[in-house]
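Worksheet: the structure to be examined is printed underneath.
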Amino acid sequence: MAHNRQSGIKKPPKISVFGLGKLGLPFAISLASRGFRVIAYDVRQEVLQQLAEGKAPGAEIPIESLLNRSKSRISVAENGEEAVLSSNVSFVVVATPSDEDGKFSTTQVERVMEVIGNALRKKTELHLVVLVSTVEPGTCDTIVKPLLERASGKMCGVDFGLCYNPEFIALGEVVRGLLRPDLVVIGQSDSRSGEILVRIYEKFCENDPQIDRMILRNAELAKISLNVFITLKIAFANNLAALCENMPGGNVDVVSHVLGLDPRIGSGYLTGGLSYGGRCFPRDNRAFSHAAEKLGVDRGLSEAVDKANAANNSRVARKVIECLKGVAYPQIALLGLTYKSATKVVEESAAIIIAKILLERGVKIKSYDPMGMGEAQKVLGDQIQYSRSVEDCLNGSDLCIIATPWKEFRTLQPSLFLREMRRPAILDCWRVLNQAKFVRESRLVYSAVGISKFMQIEDDTNLLPFTKHRRIESLVT
Ligand SMILES: NC(=O)c1ccc[n+]([C@@H]2O[C@H](COP(=O)([O-])OP(=O)(O)OC[C@H]3O[C@@H](n4cnc5c(N)ncnc54)[C@H](O)[C@@H]3O)[C@@H](O)[C@H]2O)c1
């Protein structure tokens, strides 16, 4: 095995991964798929057991097949010390949930670093520790580095290296995001440590991404800032959607398309629809506010985004109530429960938050989601019904809300709604249905988030004259 004299670490290095959750498990498997020898460790014995058997239950689709192709390069460690002693580089991918103040808890990170530090005491050769978990700026310098130095009795930057290496992947496309990242950010305690990580990424990535190296704190801030900027864009697009709804002929897709064409803005996350959710965006936004305050900077901007996001859920819930005015014992069909498509995550999902508001108003809810039913059931229990299919969900309902833009909802036809629903009415929160078809079907009421009640019907070739506007009525009129 070649020895990289400059870095002081064997090439290719053996890599241990601490934390085999939603990010750590695909990361460990992806590393093995790119030829690295990987030693995986988690405190959850069942995960280690399954991995040792070559299984990755619950992981996104390409992960099990990647594992099949690379399982000879993955082994599991019985304990953290073994993982450190049999590797040259340790990636730490444990959870950092928000605490009550909105800042990230580092309890799991500290536990792992204590184990790694103690094991480093027994090592003679250089070891690199890489923190991947999302943390508040300053965590590596003020918590991780002192802890590792104390536990190991060694010096960071001399006897071992420390890097902060955030992931920017999105759930639903984890493997693509890992193997073909748009950017790689490396915070480094010293340049030798950064260099080792660059070499790993050069072998790991299938593409040739821009790799930015910086001090630890800037990398920590870059991670949350990127997500906060996205939340800002989403909140703006949702505000625009609300505005379009109140403007005769308003159409958020038409307006946001124009914004997206400007390279200063870009088209991503400008759809306008329901509020952002999931585990990262809301949490990173609140952590940014906390970090701003700690650094003596006004937290107003990120806080306003958080408030606007919550207000958008209430606004859509009010819209639903309005649509149901006059309907006795209303029942809605909620299509989509996850915070976005291609994932089963329902945490802070707009669909779940809106469902809770509607339940308080006495609305009966039937739901269907291609992947998120099990997770939703953990949150909402038997307060709502869980249907086996879209048809079953629509059956007997007074209003259908399309709350997650799943691919399978895009091809639904007016005839299905007409056949199954008690009162065929639709609130299409992401405008996934074929609008021209649905608006022209006079036997049902179609409305959409981001589209004016007075809709200008557009097709590929012409804009129909203003006189063709059709009033989208409420169910009672
Ligand atoms: N999931 C994502 O899409 C994503 C994207 C970017 C960043 N992140 C960040 O990555 C980190 C991990 O996220 P996740 O979603 O994978 O979390 P997760 O909760 O799914 O997984 C964390 C794993 O760490 C394990 N663990 C806890 N303590 C441990 C210990 N002492 N030793 C070994 N393993 C231990 C847990 O058992 C669990 O399997 C978080 O900080 C998150 O913010 C996640």
Side-chain angles (χ1 to χ4, degrees), residues 16-30 39-51 56-60 63 76-84 87 90-99 102-119 129-136 139-140 143-144 147 151 164-178 181-185 219-220 222-228 230 276-288 338-340 342-348 375:
S16 52
V17 177
F18 284 75
L20 304 171
K22 289 169 292 303
L23 179 57
L25 183 62
F27 183 55
I29 294 170
S30 301
I39 301 104
Y41 178 66
D42 196 291
V43 282
R44 290 185 296 151
Q45 284 305 311
E46 70 276 16
V47 179
L48 293 179
Q49 176 75 35
Q50 283 158 348
L51 190 57
E60 284 179 24
I63 291 170
V76 298
E78 278 186 18
N79 53 57
E81 182 181 283
E82 181 195 329
V84 176
S87 64
S90 297
F91 282 85
V92 176
V93 202
V94 293
T96 47
S98 302
D99 66 16
K103 72 175 194 302
F104 298 110
S105 155
T106 51
T107 310
Q108 290 186 21
V109 171
E110 288 176 57
R111 274 199 202 118
V112 174
M113 294 302 172
E114 188 83 46
V115 170
I116 294 177
N118 287 332
V129 182
V130 184
L131 179 63
V132 178
S133 308
T134 311
V135 291
E136 193 169 312
T139 303
C140 282
I143 298 175
V144 177
L147 198 161
Y164 179 68
N165 176 219
E167 268 304 337
F168 299 97
I169 56 125
L171 289 178
E173 46 180 73
V174 171
V175 172
R176 188 212 65 81
L178 285 168
D182 297 320
L183 69 158
V184 173
V185 170
E220 291 163 328
K223 163 65 189 168
I224 54 171
S225 306
L226 190 141
N227 278 357
V228 172
I230 295 174
Y276 62 79
R279 291 197 182 96
C280 292
F281 284 159
R283 203 178 62 121
D284 291 1
N285 178 283
R286 287 168 210 144
F288 187 89
T338 51
Y339 83 101
K340 61 183 253 187
T343 176
K344 56 183 179 183
V345 174
V346 300
E347 211 168 300
E348 300 211 34
E375 292 302 307

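Computed from a prediction, not measured in an experiment: that's the story for all the values here. The chain is numbered in sequence order, starting from 1. Atoms within each ligand, like the ligands themselves, are counted from 1 in listed order.
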What is the closest protein heavy atom to [atom], and at what distance does it sit?
| atom | value |
| --- | --- |
| atom 24 (O) of ligand 1 | Gly19 CA, 3.5 Å |
| atom 3 (O) of ligand 1 | Leu171 CD2, 3.4 Å |
| atom 20 (O) of ligand 1 | Lys22 NZ, 2.4 Å |
| atom 41 (O) of ligand 1 | Thr96 OG1, 2.7 Å |
| atom 16 (O) of ligand 1 | Leu23 N, 2.9 Å |
| atom 6 (C) of ligand 1 | Glu167 O, 3.4 Å |
| atom 27 (C) of ligand 1 | Gln108 OE1, 3.0 Å |
| atom 22 (C) of ligand 1 | Ala95 N, 3.7 Å |

Exercise. Looking at ligand 1, does any of its N/O atoms fall within less than 3.5 Å of an N/O of Thr134?
Worked result: yes
For this session: Would you confirm whether Thr139, through its side chain, and Val135, through its main-chain N or O, come within 3.5 Å as a donor-acceptor pair?
Result: no
For this session: May I ask you to say whether Arg176 pairs ionically with Glu173, meaning some side-chain N is under 4.0 Å from a carboxylate O?
Result: yes
For this session: Taking only heavy atoms of Arg44 into account, list the atoms of ligand 1 that are under 4.0 Å away from them.
Result: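 Contacts of ligand 1 toward Arg44, numbered from 1: 37 (O), 38 (C), 39 (O).
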Check if [X] has a non-hydrogen atom at a distance under 4.0 Å from any atom of ligand 1.
| X | answer |
| --- | --- |
| Val93 | yes |
| Lys223 | yes |
| Val47 | no |

